[in-house]
Each structure stands twice: as C-alpha cells, then as structure tokens.
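One structure below.
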Amino acid sequence: MDTLIGENRNRLEDFTLLRGQAIFLDDIKIPLMKECAFLRSPHPHALIKSIDLAPALKIPGVETIFLYDDIVSFFGTNQMPFDQGDFVAPKWSYPIILPQYEVCFVGEAIAMVVAENRYIAEDAVNAIRVDYEPLPAVSDCRDGLRNDSCFVHQSSNRNEIGSIIATYGDCDPCFNSELFSFSLSLKQHRGGAHPMEGRGVIASYDPKNKFMCVWSSTQKPHKLRNVLSELFQMEEEYVRVILPEVGGGFGAKAAIYPEELIVAFASRKLGCPLKWTEDRREHFLSAIQERDQYWSVEVAFDSNGILAAIRGTAIHDQGAYTLAEFNIPYNCAYAVPGPYIVPNYHMEVKVVETNKVATVPVRGAGFPEANFVMERIMDHIANDLGIDRAEIRRRNLIPVDRIPYEVPLKARDGKPMIYDSGDFIGCLDHALKVSSYQEFSSQQQAALAEGRYIGIGVSNMLKVTGRGPFEGGMVKISRTGTVTIATGAAAMGQGTKTFLATICATELGLCPSQIKVITGDTSLIMHGVGGFASRQAVTAGNAVHLASRQVRQKALLVSSHILERPADDLYLADGKVQDKKDSTINLPFSEISKACSGAKGYPLPDGVAPGLEKTVYFEPKNLAYANASHVAEVEVDTDTGYVSINKYLVINDSGRIINPVIVNGQIRGGVAHGIGNALLEWMGYDGDAQPVVTTFAEYLLPTSNDVPNIEIYHFPTLAKNPIGVKGVGEVGTICAAATVISAVENALRPFNVQISEAPISPERLVELIHQ
Amino acid sequence: MTDTEQISTISRVSLEVNGVSREVEVEHRLTLADCLRHKLNLTGTHIGCEHGACGSCTVLVDKRARRSCLTLAVQVEGASILTVEGLAEPNGDLHPLQTAFHNNHGLQCGFCTPGLLMTLMEFLSENQDPTEDEVREAISGNLCRCTGYQSIVGSAIQAASILRQSR
Ligand code: FES
Ligand code: FES
C-alpha cells in the first residue's frame with residue numbers, strides 16, 4: 001500500500017474557514033438563547049462588603065443575576081473540581097467558582113448576569129453596586145517571599161505554597177574545586193496565550209430529558225464533560241460537550257474555568273440555552289498566563305567549557321489560585337538540562353502566590369524559561385573562556401552514541417526520563433552548516449566597519465511530547481460507505497483533521513478528503529484527554545493508525561467470507577475491497593458495513609464482531625522527545641534599541657512527519673510566539689497588582705513586521721511509537737527567545753552588553769548600551 | 001430630556017451586503033460587526049479584540065477596509081459592504097485569494113483569516129504587483145497568533161500573480 005504519510009498536503013479544514021462558514025462558539029445560534037456577562041473584581045485584593053443588584057435587575061431585558069449563594073445552594077460547594085496530581089497546594093489556593101466575600105485578583109468573577117443580549121447584560125454589570133474594602137496585595141512574587149509581606153488570601157499563612165526540587169549528583173564539591181564558576185540572575189516573563197478567538201461557552205439544558213449539552217471553546221472537551229458530570233451528578237451519557245471550531249488555544253483553553261461551570265449551572269437552573277463569549281479585555285484579566293520568574297543559578301565547568309554542575313533556585317509567580325498541579329514550576333525545574341549533559345544538578349523552583357490571575361502553561365509550558373536559562377549559561381561559559389558559542393554547546397550536547405539517554409531524574413509520570421531518540425550534535429552541525437555560521441564573524445566585522453551592529457545566536461532545545469495517559473480514535477465505515485473518525489483530540493488550528501484523515505486514508509486506500517473527522521464530541525467517543533503538550537499527533541495519531549489498521553483487517557476478513565476469496569488476495573482501494581488480480585470481483589465498503597451490522601436471523605461470519613468500526617485508545621509507553629537547533633541573525637539599531645531579525649533558521653526533529661505543510665506551519669507559528677516572548681509581549685502589573693496592560697495596543701503581539709521568514713530543515717529520527725512521530729506544537733517556541741536574545745547580545749558585544757532578561761524592550765536595550 | 005420625551009435609540013438602516021439589499025432595525029450602539037454577525041447571520045466576520053487592534057473584524061465598506069468593531073451599524077446607511085461570505089463566486093468557486101490561502105497554508109485556526117482576506121482584497125486592488133515588504137506592511141494591522149505570517153504573505157503574493165494573469 002502506498003503511504004500518504006510524509007507528503008505535502010493542503011488542509012481539509014480550509015474550505016469552510018475561507019468561506020466564512022465555519023461555526024465558532026459565538027457563531028452558534030440556538031432559539032431562545034440568552035447571553036451572559038460577568039461582574040469582575042476591579043481590585044487585586046478586597047473584601048466585598050455588600051452587593052446591590054437592584055439597579056441592575058431593573059434594566060429591561062435583564063433576566064437574573066447569579067452570585068456565590070446561588071452556586072453554593074445548588075452544588076453544596078464553591079470549589080472548582082481540581083486535579084491535584086502529586087503536588088499538594090494549600091486549601092486557600094484551590095480554585096473557586098465564585099467568591100463569597102473576598103476577591104484575590106483583578107478580573108475574578110463575582111456575579112453573572114443573564115440578559116436578552118450581551119449589550120444589556122453589560123449594562124447590568126455596570127449597574128451592580130458593590131462596596132469593596134481594599135486589602136493589601138502581593139504584586140511581585142519576590143516581595144511575596146519577604147517576612148513582612150502581606151498574604152494573597154486572608155486565610156493564607158504564607159505565600160510560598162510549594163517548591164519543586166529536581167536534583168541528582170552532588171553539586172557542592174564542584175564549587176569548592178579548581179573548576180571555573182559563575183553565577184547568573186535571570187528575569188523572565190511570558191505573557192498570555194492570546195488565541196485570536198477568546199474563550200466562550202454555550203450551555204443548553206433540556207429539563208424534559210434531563211440532558212445537558214455544552215459547547216465550549218476548550219482544549220479539553222472530555223475533561224469538561226467529566227467535571228460537569230461530577231458537579232451535576234449526571235452520568236456521562238447525559239452530558240454532552242461539543243467542540244465547535246476553535247480559534248486557537250495555546251494553553252489559555254486547557255484549563256476548566258468557573259465561567260464554563262456557571263453558565264452550565266445557570267442553564268440548568270433557568271432551563272434555557274445561555275451563551276458567554278469572552279472579550280479581549282476579559283482574556284487579559286481572567287484567562288491564564290505564564291508571567292514572571294526570577295532565577296539565580298551557579299554554574300561550574302572546566303577549562304574546556306565542559307559542564308560540571310548547575311545549581312540554583314527560581315521564584316515562580318503562581319497567581320492567586322492553583323488550577324492544576326504545579327506544572328510550570330515542575331517543567332522549569334526538570335527541563336533545564338535539556339539536550340545537554342549536566343553531571344550534577346540541583347534546582348529548586350519556589351511557587352509563590354500573587355494577587356494576579358493564575359498561571360498555567362502557555363505554549364511551551366515552562367520549557368521556554370528552562371531553555372533560556374540553559375542557553376544563557378552556554379553563552380556565558382563561551383564568553384568566559386573565549387570559546388565559540390556553538391562549540392561550547394557541541395561539547396556539552398549528549399552525543400548520539402549515548403541515545404537512548406537516561407537523565408537521572410524521574411519524569412512526571414514517575415517513569416525514568418529517557419531520551420528515546422535524537423541526534424543533537426548532528427542537528428546542531430546541520431544548523432551551523434546551512435546557516436554558514438562560520439562565515440558570520442567576517443560579515444560582522446564588515447558591518448561594524450559601517451557602524452552596523454549585527455549578531456548571530458544559536459540554541460538547542462528538547463521537549464517532551466506525546467504525554468499520556470492516552471488518546472482515542474474511533475474509525476468507522478458507515479452504511480453509506482463513507483469513513484468517519486471520532487477522537488477526543490481537540491482541533492484548534494493544528495490541522496488535526498487533515499493529519500488524522502491522512503493516517504487513516506493510508507490504511508483504508510482512500511484519499512484523505514474522503515474521510516470525515518470529528519474532534520472533541522464526547523457523545524462519539526467516551527474517553528478523551530485533549531489538546532496540549534504537543535501530544536495529539538503522537539497519541540491520537542497512533543490511535544487512529546491502529547484503529548484504521550484493524551478496520552482494514554476486518555473489512556478484508558468479512559469480504560473474504562462474502563467473496564469466497566482468501567483475504568491475502570484482496571486489498572482496499574477506491575472505497576471497495578477488490579481482488580488483486582481481477583478488480584471486477586469486489587465489494588463496496590457500504591456492503592461490507594451492512595454485512596457487519598447483521599441481518600435478522602443470520603449469524604455474522606465466524607470471528608466477526610458487529611460493526612465495521614474500531615475504537616483504539618493509544619497509551620504511549622514512552623514519551624517522545626522532540627529537539628531542534630535554531631539560528632537567528634539580527635541587527636540592532638543602537639540609537640533606538642530596535643531589533644530586526646534578518647534571518648531565522650530551524651533544524652527540527654519531530655520524528656516521522658505526517659504532513660510537512662502542517663509541521664512547518666506549527667514551527668513557524670511557534671517561533672513567532674517565541675519572538676514575542678523575546679522582544680515584545682509583556683503582561684504588565686503595577687506595584688499594587690493592578691494590570692496596566694489590557695489591550696493589544698499595550699500588549700504587543702508579534703505582527704507581520706516582527707516575524708521574519710523562517711527557513712526550516714527537517715532532521716528526523718524516529719520515535720518509539722507505531723508511526724514514529726513526535727510532537728511539534730510547542731517545539732518552535734521553546735528556544736526562540738534564547739536564540740534571538742543570544743543574537744542581540746552578540747550584536748552588542750562592542751558595548752559589552754549582557755542580557756539577563758526576556759522580553760527585552762528597545763528602551764531597556766538602549767539603557768544597557770549606555771551603561 | 002424628561003422621561004416622557006424619549007429619543008428613539010433604534011433606527012432602520014438600509015445597506016447592501018454582498019450584493020444584496022438589506023434593511024435592518026438596529027440599536028444605535030450596535031456595532032457593524034454585531035449587526036453583520038447577529039442580525040444578518042453573517043458570522044464569517046470575527047471579533048478578536050473589539051478595540052480596533054487585531055483586524056479580525058475587517059470588512060469592506062464601499063471598497064475601503066474598515067474595522068467593523070469600531071463602526072456602528074447606523075454609520076453605514078446606504079453603504080455597500082463586502083464580507084468574507086461574499087468573496088467566492090455565486091457558483092461557489094473560491095476567489096483566487098482564498099485559493100491562494102489554501103495552497104500556501106495561509107491559515108491555521110482560521111479565526112484571523114476573514115479579516116486578512118478583506119484587508120488584502122483592498123490592498124491587492126490598489127497594488128497589483130506587491131513586494132513581500134509591501135504585503136507585510138499592508139497586513140501589519142492584522143494579528144495572527146497561529147501562522148507567523150510567512151504563509152499569509154506567500155498567499156498574497158501568489159494571489160496577486162494569479163489576479164494579474166486574469167486581468
Ligand atoms: S475585533 Fe475589530 S479590530 Fe479586533
Ligand atoms: S490562523 Fe489562527 S489566528 Fe491566524
């Protein structure tokens with residue numbers, strides 16, 4: 001059979017999107033649907049003394065307003081369902097649905113108005129009178145650690161709510177020896193996720209059938225279904241979550257939010273469909289972010305620049321609540337070594353609450369910060385010893401003959417952390433070759449002679465992808481002869497439908513465009529995990545691959561009974577099972593499907609279960625580690641601090657590539673996000689934890705003038721899963737900030753500038769140049 | 001104004017949308033974006049920020065690209081509006097610009113896409129043979145979180161060349 005895997009293929013998703021016919025959340029129309037708006041706290045920390053709803057309720061078109069009491073009297077709890085994982089956050093940090101009397105960040109929802117339309121609902125929000133008593137707030141997570149700091153919650157007795165330690169070997173002797181060493185303080189900030197479509201939810205409760213249908217622009221439809229099922233005590237069969245077209249996620253939609261539960265609750269209470277669509281201001285205030293970290297590390301190395309030890313601490317801004325386990329701090333602590341050999345390692349990441357919205361992974365999930373630390377370390381060693389920066393990296397990378405490489409740490413699932421594949425030095429060497437790295441210094445000299453400051457940066461990254469526990473794929477040939485795939489994987493722009501259809505089409509002898517793919521409808525596949533952590537090509541991809549293969553085998557088996565030919569003589573093509581030698585002997589898929597659904601009184605053929613369909617839940621046995629080397633060339637205008645990226649190059653190993661078109665798109669979008677983190681994106685708060693950035697005029701997303709063309713070369717090594725695929729969604733982002741900043745620092749060597757922060761603004765660069 | 005002298009906050013607006021004459025009753029404060037999306041059920045026009053910064057809501061008003069989130073429906077009385085739904089031929093064939101987006105992976109989630117298509121419709125009508133830099137400048141007011149823009153620029157350049165050949 002010819003494989004379609006690896007071919008460039010335009011996407012199946014495009015046509016409805018290009019015609020404006022795709023149905024995103026806010027496009028769904030349901031008769032009698034009303035709209036919701038939220039009253040949100042304007043204070044970082046305050047007590048609610050009183051709430052007067054009367055003026056709001058008087059507005060014509062306002063149906064009702066829900067508060068804390070309504071939630072608690074219905075559910076008997078105010079607690080958001082919460083997966084604690086292995087890390088225990090204190091009680092006060094558990095997320096709540098609506099606050100009773102204390103608000104802990106600006107944007108925290110206090111009340112929900114239901115009205116005829118959003119305009120009226122917002123009028124009502126503005127008419128609600130709340131009497132607040134402001135309380136002191138923690139803005140900077142470093143201040144939160146001080147003895148005299150106020151607390152984020154009234155019920156807190158500390159702001160440091162946890163600490164993640166990753167450790168092996170023995171660092172201390174390395175610092176009392178003949179070795180070289182230095183210490184480094186780094187300030188890092190990643191802003192919000194900012195998919196172009198915000199969050200949003202519609203709930204429609206049918207009181208007659210006691211059935212709840214919810215559409216949510218989420219990355220985790222099945223998780224939402226499970227949460228609703230538990231909270232409402234309704235069986236999974238009576239709660240259906242449907243994923244509409246999703247306008248990007250990038251982490252912002254991977255959490256379950258109070259808004260989703262309150263809208264569902266209100267629909268159940270009122271018995272009518274309700275919609276809430278997040279606006280951009282709400283996204284700034286109430287969607288998760290990744291925000292601030294302060295690192296101090298010490299590094300020991302020998303005269304050849306070979307690492308001996310890294311030890312240090314980081315302070316992570318957790319926000320006011322802990323929505324999931326401590327995943328960013330965990331990833332930060334564990335991911336610093338990345339593709340490098342670090343013989344001794346000790347890193348502690350302190351999790352510190354602030355009066356700000358919660359931090360939960362944004363594209364990259366702590367890996368970009370960890371990578372920035374490691375790559376800054378590499379540059380510092382190179383500068384200290386006067387050895388080339390790429391050469392220092394190559395000396396410390398794990399050589400290919402040590403793969404599989406076991407890092408002396410346990411992965412989050414408790415299993416050993418084993419890099420299953422990859423050729424990191426090969427990847428770097430390829431990057432150096434295609435970027436003509438060696439020739440750059442002469443260009444740099446020439447530019448300098450003209451008064452131009454150009455620089456080059458090189459970085460390497462590694463990311464765990466394809467996280468379990470599983471993802472499912474249901475592949476079915478229907479009575480019409482057409483093929484449908486249903487999966488718990490969530491499509492939000494990554495070409496999920498196209499790549500799953502491609503995998504399936506290969507097995508079933510079809511064109512991908514003949515296959516329908518339904519993602520994230522909980523009524524079509526019982527279990528699902530969703531879209532995050534660069535996992536869906538690995539998990540859903542392999543599930544669909546295995547399910548398709550079994551459907552093919554079944555189609556052959558059943559056809560061999562009916563056609564009375566050995567299965568080996570048959571193959572699948574053009575929607576039929578045909579004889580290899582005589583194509584007039586064939587059976588269309590529709591006939592095979594009907595035969596599998598049985599006819600009254602006649603038994604199915606021996607060994608054939610009903611239905612021409614198969615559901616496979618693929619549980620990855622090992623994680624797939626993707627890696628890349630990036631090279632950037634920049635020019636810095638030393639008068640204005642403006643950085644232009646003149647060249648950007650990626651050598652990427654995401655294992656076997658299903659569709660290069662999609663993979664390259666993921667890499668380019670990922671790099672753009674990393675460029676934003678390097679130079680532009682800043683979610684600012686003042687000293688009182690009041691956000692000072694709430695529009696795209698202040699928060700600079702990368703534009704078409706900020707992101708250069710990105711040259712991509714693939715350097716695949718196969719992962720240990722049936723397809724051999726690794727994830728790619730976050731891979732472009734992770735070392736982009738480190739690469740760009742290394743290049744900027746290199747451009748400014750004549751000024752001896754050292755950059756210890758990201759993002760770095762033009763103003764700050766000018767400041768550093770003049771220091 | 002006393003309570004008895006209420007000034008009406010509702011007006012009838014006549015406009016042409018994608019070649020069809022429409023009449024709608026709108027509150028004065030209703031944005032053109034919401035009017036298109038919720039009164040005329042043309043939900044292809046998307047709202048990404050509602051403050052004029054992302055370009056997702058761009059439509060053509062009398063052939064000029066306008067941010068429909070910053071335009072009130074009552075302001076477009078008598079105007080002719082083109083939205084993404086009006087780009088394809090009546091027989092369903094995609095406009096060359098749409099085809100170019102498909103062929104160049106010019107969209108991922110597709111949320112920003114209608115605004116980019118409409119911005120580029122205006123731009124390509126004025127600049128038939130643009131350079132890459134000119135395209136980048138033209139779309140610099142349209143935010144896209146997914147693509148990194150390169151494929152959008154490529155789509156625009158390819159569309160321009162196809163449109164030139166068909167002139
Ligand atoms: S929605 Fe109009 S510019 Fe963003
Ligand atoms: S394609 Fe998703 S925002 Fe542009």
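Side chains included, hydrogens not; waters and symmetry mates left out as well; all remaining heavy atoms used. Chain letters run A, B, ... following the sequence lines, proteins first, then strands; residues in each count from 1.
Looking only at heavy-atom pairs under 4.5 Å with chain B, the residue among A:R280, A:R363, A:Q666 that has the most is A:R280. The choice from A:S704, A:G665, A:G670 that makes the most heavy-atom pairs within less than 4.5 Å of chain B is A:S704. Across B:T147, B:L97, B:T113, B:D133, the residue that shares the most heavy-atom pairs under 4.5 angstrom with chain A is B:T147. Interface check for chain B: of the options A:A22, A:G249, A:A193, the most heavy-atom pairs under 4.5 Å are formed by A:A193. Ranked by heavy-atom pairs under 4.5 Å with chain B, the first of A:N705, A:N664, A:L17, A:N709 is A:N709. Each of A:G247, A:G198, A:A697 has some count of heavy-atom pairs under 4.5 Å with chain B, and the biggest count is that of A:G247.
Here the closest non-hydrogen pair linking A:V661 and B:H105 is O-CD2, 3.1 Å. Shortest non-hydrogen contact noted between B:R136 and A:V707 is NH1-O, 2.8 Å. Listed here is the closest heavy atom pair of B:R37 and A:D26: NH2-OD2, 2.6 Å.
Only the side chain of B:E50 comes within contact range of chain A, with at least one heavy atom under 4.5 Å from a heavy atom of that chain. Neither the backbone nor the side chain of A:Q21 comes within less than 4.5 Å of any heavy atom of chain B. Neither the backbone nor the side chain of B:L87 comes within contact range of chain A; no heavy atom of the residue lies under 4.5 Å from a heavy atom of that chain. Heavy atoms of B:F111 lying under 4.5 Å from chain A belong to its backbone as well as its side chain. Interface remark: B:E132 contributes side-chain atoms only to the contact with chain A (heavy atom separation under 4.5 Å). Contacts between B:L30 and chain A at a heavy-atom distance below 4.5 Å involve backbone atoms as well as side-chain atoms. Neither the backbone nor the side chain of B:S151 has a heavy atom closer than 4.5 Å to any heavy atom of chain A. Contact of B:H95 with chain A is not made at all, since no heavy-atom distance falls under 4.5 Å.
Between B:V84 and A:R19, the closest side-chain pair of non-hydrogen atoms is not below 4.5 Å. Between A:N10 and B:N103, some side-chain heavy-atom pair lies under the 4.5 Å cut-off. Side-chain contact check for A:D14 versus B:F101: every heavy-atom pair is 4.5 Å or farther apart. Here the side chains of A:M492 and B:C109 are not in contact, with every heavy-atom distance at 4.5 Å or above. Side-chain contact between B:L107 and A:R11: present, with at least one pair of heavy atoms (C-beta onward) separated by less than 4.5 Å. A:D279 has its side chain out of reach of B:H51: every pair of non-hydrogen atoms, C-beta onward, lies at least 4.5 Å apart.
Under a cut-off of 6.0 angstrom, the local environment of NZ in A:K29 is crowded, with over 12 non-hydrogen atoms contributed by other residues, nucleotides or ligands.
At a cut-off of 3.5 Å, with distance as the only test, a side-chain donor of A:Y119 or B:D34 sits close to an acceptor on the other residue.
Taken to the nearest 0.5 Å, the CD1 atom of B:I47 stands 12.0 Å off from the CE atom of A:M196.
The pair A:D123-B:R29 meets the salt-bridge criterion, with a side-chain N (NZ, NE, NH1 or NH2) lying under 4.0 Å from an Asp/Glu carboxylate O. The existence of a salt bridge linking A:E681 and B:R145 is confirmed by a sub-4.0 Å separation between a basic side-chain nitrogen and an acidic carboxylate oxygen.
Ring geometry for B:H102 against A:F15 counts as tilted: the plane angle lies between 30° and 60°, on a 0 to 90° scale.
Judged by distance alone, the side chain of B:Y149 and the main-chain N or O of A:P708 form no donor-acceptor pair under 3.5 Å. For the pair B:Q108 (side chain) and A:Q494 (backbone), a donor-acceptor distance under 3.5 Å is absent.
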